[in-house]
Amino acid sequence: MARTLITSALPYINGIKHLGNLVGSMLPADVYARFMRARGNEVMFICATDEHGTPAELAAIAAGQDVATYCAEQHEIQKDIYKRFGLSFDHFGRSSSQQNYELTQHFAAMLNANGLIEERTIQQIYSIDDGRYLPDRYVEGTCPHCGYERARGDQCENCTKLLDPTDLINPRSAVSGSTNLEVRDTRHLFLKLDNPEVEAKIQSWIDSKEKDWPVLVTSIAQKWLKEGLRDRCITRDLAWGVPVGRPGYEGKVYYVWFDAPIEYIAATKEWADAAPEEKRDWKRWWFEADDVRYTEFMAKDNIPFHTVSFPATIMGSGEAWKLVDYIKGFNWLTWYGGKFSTSQRRGIFTDQALAEFPADYWRYVLIANAPETDDSSFTLEGFAGQVNKDLADVLGNFVNRTLKFTQSKFGDAVPAGGDYGPAEEALAKALDERIKALTENLEAIQYRKALAELRAIWVLGNQYLADEAPWTALKTDPERAAAITRCAFSLIRLFAILSAPVIPTLAGKMLAALGLPENQPWPTESTGDLIRAIPAGHAFTLPDVLVAKIDDARVAELTEKYGGKA
RNA sequence: GGUGCUGUAGCUCAGUUGGUUAGAGCACCGCACUCAUAAUGCGGGGGUCGGUGGUUCAAGUCCACCCAGCACCA
């Protein structure tokens, strides 16, 4: 039994995420985790909230809370939403955990011991009234190039010129508006990436992945390498974070981008510590774990950190920590071709989505249109169309017609009598090919293709019923009608198993109608046996409508509510 | 300004290392069926593959330039 380690990029603590964040890492990671578990692999699926950094501190201030309380609350809110989306994390941790403090400090100590950390003095803007240092983007002022009065310290969004905070005319704090600012010298730690040895290591590692990782991932990594790595400042003048803990660094913490990926490991330790009586071994997933296959899921903005910075940390430790084996990167999901925008009320957030429709509707449509090769457009019309056609008409109605027909003609149990013939043989053969393709696409994490196969498999069920027409056979050959019905029941079970990674709740309902438990193993036996899985006499119940359709009026209402096109 | 990605039927997208009449789903039209959430099945119409110019016996598929959109970087 192979061991599979899966991590999803960590959602930032600051606010509820929208559908684009969900489909960019957590949801596809979940589909993969569920698939791998069904195949009998031992799976460790890890995610967490990314809690450190200035945005969290400022959001806490805006909410009138201290940052620790704010983060604790927001963590619970996000955790609950993901649970309701059916995300099957083995552990959903927090980057502010004690475990992460310890591991982050451990990695920093190892990097330091290996000569990869350097102290430097840099200049930072300090806001006397706010009592804090201000990162570049939190200093505002007038742009020296275009005169725009609300230019940020890192860039003027009016003329797009890049700036230094010291370039701004009449600089002020974006936090309080205070103009009582001064430039101070402050000491910081830098991770030495601009170093031939480190670069060569990363380069050859990326080169070795060139042929099997997605182009999106390797091209971004290669671009960074080509431009030459730069030393990165890994500490900040903030109170909220992992303390640097060396003399002269009181009140300083590690930069959020240094500690966040380490939380993948730390969250696994959190998982172990959560159940001491079970004596869980977190380290076997991460240390000297050559038999583990580790896959990371993330959107494209996270790729540089996972292909360069974090691997440099791992490699630089000189210890046998696990490096990623495969990175699945995603492009952006767009809202009618544009950006999701909170301020302009365009797009749907994860909590709103769940208030409107069951999680599986979103899971299906999002995965079927996952932005794998390019940015992908989400529209309410497309969403409703796919739910209605694929989930309601093709899958839901197949289950419904089979169960209703059987109940009205044969009663509450699967009928006996009759035999399978050429039609079932042909069906089994067609299923064989489709299941093989589906399995291969899921293994390769090619979701658009996988879902096209899944849908084609559902269609085979309807084709079979239309061709064999048990309602007609019933009049002349009731035994044959019984055999066709039995086969259809086995198809319901099979469809549920094959669909479960994507739509676990619907799959569970289908299995429940047949009195079967959830979490059935992925099929390995021949399809000939699969279509005989439900024997005569097997009891069943008729569930409510599996998938309710979304009518045009509802689409119009949602368009109004969430800001569709125009 | 630099770099990268993208531009294929009304819509959303597939198109292996260049090779028979360019594919799928939706939408549309027609037919069949009636077990079913008017659901399903079958068939059909529809594209000079962003533009121009090259390489080649042969290009959506390689090269150059141009146009458009998006992203990242300086």
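Sequence lines set the chain letters: A, B, ... in the order given, protein chains first and strands last, and positions in each chain run from 1.
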Under a cut-off of 3.5 Å for both distances of each Watson-Crick or G-U pair, what dot-bracket string does RNA chain B give, using [ ] for crossing pairs and | for inter-strand pairs? (((((((..((((.....[...)))).(((((.......))))).....(((((..]....)))))))))))).

Look at A:E372 together with A:R448 and state whether they make a salt bridge at an N to O cut-off of under 4.0 Å. no

Is it true that A:D432 and A:K436 make a salt bridge, defined as a side-chain N closer than 4.0 Å to a carboxylate O? no

Using a cut-off of strictly less than 4.0 Å, decide whether A:R401 has a side-chain nitrogen or oxygen near OP1 or OP2 of B:A38. no

Taking the P atom of each, how far is B:G45 from B:A24, in whole Å? 11 Å

Give a yes/no on whether any side-chain N or O of A:K300 is located under 4.0 angstrom from OP1 or OP2 of B:C70. no

Hey, are A:R480 and A:D419 close enough for a salt bridge, meaning a charged N less than 4.0 Å from a carboxylate O? no

Test salt bridge (charged side-chain N to carboxylate O under 4.0 Å, His left out) on A:R120 and A:D231; report intermediate values, then the result. CA-CA 11 Å; A:R120 288 185 201 166; A:D231 296 342; 2.4 Å; yes

Would you check if A:F405 stacks with the base of B:C35, given a 5.5 Å centroid limit and a 30° plane limit, both strict? no

Pairwise C1' distance for B:U61 and B:A22, with rounding to whole Å: 11 Å

P-based separation of B:G1 from B:C65 [nearest Å]: 16 Å

Does the ring of A:Y447 carry A:K449 above it, NZ/CZ under 6.0 angstrom from centre and within 45° of its axis? no

Any residue in residues 442-463 of chain A with a heavy atom nearer than 4.0 angstrom to RNA chain B? Just list them by number, or reply none. A:R448, A:K449, A:R455, A:V459, A:N462, A:Q463

